[in-house]
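Fair warning: this is a prediction, and the values are worked out from it, not measured in the lab.
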Amino acid sequence: MARPRRIDLPGQQTHVVQHGIGDARIFRDDDDMYEFLRLLGVELVRSGWTCLAYCLMSTHYHVVVQQADPSLSAGFQHLNSRYAQGFNKRHGRRGHVFEARFRSRVVDTFEYRCEVMRYVHLNPTRALHIPPEDYPWSDYGSTIGVRPRDPLVDPAIALAPFGRDLAVARRNYRAFVAERDPRIRRGWFQP
């Protein structure tokens with residue numbers, strides 16, 4: 001049976017997740033993390049994407065992108081291929097680095113975008129018990145203004161749902177991420 005085609009439309013926002021094969025570590029050290037982020041920056045330009053959020057964990061990564069053109073599959077295939085080739089060379093290994101295809105889910109509502117970004121940014125807290133603003137391999141600290149600017153994510157674009165003024169948007173998003181009760185988060189956007 002053929003795999004279903006991905007939804008890939010101009011202006012679409014998508015949450016992408018990619019795991020290492022057999023949940024193996026795809027980032028063994030800081031050099032791997034830096035190299036992936038460098039390649040992601042190149043791919044953002046090449047594919048015309050805007051990055052809204054990202055988080056790198058040792059065995060997988062999350063990226064939320066907005067596409068200018070339908071380029072999701074080609075762009076992530078290029079990014080993953082380039083990273084895997086370098087990873088294998090750096091670590092003297094052969095074979096696959098990533099499991100089958102990357103997983104993607106269209107971010108089709110305003111509320112879902114906010115929840116997806118929250119989910120991505122809370123990965124280090126859930127897995128490692130690290131406050132999200134202290135985790136160096138995510139844009140969260142930069143996006144909320146407690147770490148230096150991250151060149152991959154423009155906080156004004158990423159936080160647009162939380163207010164036009166960047167300082168207000170940062171404060172609102174930080175409170176949204178900290179709120180554990182989904183009923184309160186759902187009510188966040190109602191007038």
Side-chain angles (χ1 to χ4, degrees), residues 1-19 36-37 39-41 43-57 59-80 98-127 132 135 137-140 142-144 150 152-166 168-191:
M1 184 170 155
R3 296 184 292 206
R5 291 183 60 92
R6 293 187 194 276
I7 299 171
D8 197 2
L9 302 170
Q12 174 179 301
Q13 296 174 2
T14 308
H15 174 207
V16 173
V17 182
Q18 180 69 71
H19 283 263
F36 182 84
L37 292 177
L39 291 171
L40 176 59
E43 197 60 42
L44 291 172
V45 172
R46 181 179 171 276
S47 292
W49 299 335
T50 300
C51 185
L52 303 175
Y54 72 83
C55 183
L56 310 183
M57 303 297 287
T59 61
H60 66 284
Y61 70 79
H62 295 265
V63 179
V64 182
V65 295
Q66 180 170 320
Q67 304 164 225
D69 298 311
S71 59
L72 191 71
S73 290
F76 275 97
Q77 180 183 16
H78 186 257
L79 171 62
N80 288 342
F98 297 109
E99 69 180 8
R101 295 177 1 154
F102 62 88
R103 289 183 280 165
S104 65
R105 184 156 181 194
V106 174
V107 177
D108 54 0
T109 67
F110 175 78
E111 291 80 8
Y112 184 55
R113 172 182 169 177
C114 299
E115 287 293 339
V116 163
M117 288 177 56
R118 180 181 186 275
Y119 174 81
V120 167
H121 288 142
L122 285 176
N123 251 252
T125 303
R126 282 189 292 274
Y135 189 67
W137 305 112
S138 164
D139 69 286
Y140 180 74
S142 169
T143 296
I144 64 167
D150 186 322
L152 300 179
V153 178
D154 181 339
I157 295 170
L159 299 180
F162 293 93
R164 290 185 187 159
D165 178 75
L166 185 56
V168 170
R170 283 176 160 156
R171 202 168 41 251
N172 288 342
Y173 182 62
R174 193 170 192 179
F176 180 82
V177 169
E179 180 55 59
R180 292 182 178 193
D181 188 337
R183 295 168 300 177
I184 294 173
R185 289 195 312 271
R186 274 193 300 273
W188 192 276
F189 305 107
Q190 298 173 7

List the atom pairs, with distances to 0.1 Å, where a side-chain N or O of residues 45-53 and a protein N or O form a donor-acceptor pair under 3.5 Å, not counting sequence neighbours.
unit_1, atom_1, unit_2, atom_2, d
Arg46, NH1, Glu43, OE2, 2.7
Ser47, OG, Glu43, OE2, 2.6
Trp49, NE1, Ser71, OG, 2.9

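Among residue pairs with one or both ends in residues 59-68, none qualify as salt bridge (charged side-chain N to carboxylate O under 4.0 Å, His left out); sequence neighbours excluded.
Residues Leu79 and Leu40 meet the side-chain proximity criterion, which asks for heavy atoms closer than 4.5 Å. Annotation: side chain of Val65 is in contact with side chain of Leu72 (closest heavy-atom distance under 4.5 Å). A 4.5 Å side-chain heavy-atom check between Tyr140 and Arg174 finds at least one atom pair inside the cut-off. No side-chain heavy atom of Leu152 sits less than 4.5 Å from a side-chain heavy atom of Asp139. Side-chain contact between Met117 and Arg113 is present, with at least one heavy-atom pair separated by less than 4.5 Å. With contacts defined as side-chain heavy-atom distances shorter than 4.5 Å, the pair Pro124/Cys55 qualifies. Under the 4.5 Å side-chain criterion, counting only non-hydrogen atoms from C-beta, Tyr112 is not in contact with Val106. Inter-residue side-chain proximity for Arg171 and Val168 is flagged as met; some heavy-atom pair is nearer than 4.5 Å.
Within the 3.5 Å criterion, the main-chain N or O of Leu56 finds a donor-acceptor partner in the side chain of Tyr135.
Note that CD of Gln12 and CD of Gln67 are 5.0 Å apart. Values are rounded to the nearest 0.5 Å. Here CG of Leu37 is found 7.5 Å from CG of Asp150. Values are rounded to the nearest 0.5 Å. The CZ atom of Phe98 lies 12.0 Å from the CD atom of Gln77; values are rounded to the nearest 0.5 Å. Between His121 atom NE2 and Ile144 atom CD1 the span is 9.0 Å, to the nearest 0.5 Å.
When all heavy atoms of Ser142 and Arg170 are compared, the pair lying nearest together is O-NH2, 3.4 Å. Ser104 and Thr14 make their closest contact through CB-CG2, 3.7 Å (heavy atoms, listed as atom of the first residue, atom of the second, distance). Shown here for His15 and Val107, the closest heavy-atom pair between the two residues is N-CG2, 3.8 Å.
The aromatic rings of Phe176 and Tyr173 sit parallel to each other, their planes meeting at less than 30°, with 60° as the upper class boundary.
Looking at residues two or more places apart in sequence or on another chain, you find no side chain to side chain contact (heavy atoms under 4.5 Å, CB included) involving Asp69. Here Arg183 pairs with Asp181 under the salt bridge (charged side-chain N to carboxylate O under 4.0 Å, His left out) rule; sequence neighbours left out. The ring-ring contact (aromatic ring centres under 6.0 Å, His included) test applied to Phe102 returns Phe76, not counting sequence neighbours. Qualifying side chain to side chain contact (heavy atoms under 4.5 Å, CB included) partners for Glu99, counting only residues two or more places apart in sequence or in other chains: Gln18, His19, Arg103.
Screening Glu179, Glu115, Glu111 against Arg185 for a side-chain hydrogen bond (donor to acceptor under 3.5 Å, both in side chains) leaves a single residue, Glu115.
No more than 12 heavy atoms of other residues, nucleotides or ligands shown are found within 6.0 angstrom of CZ on Arg105.
Side-chain polar atoms of Asn80 and Tyr61 form a donor-acceptor pair below 3.5 angstrom.
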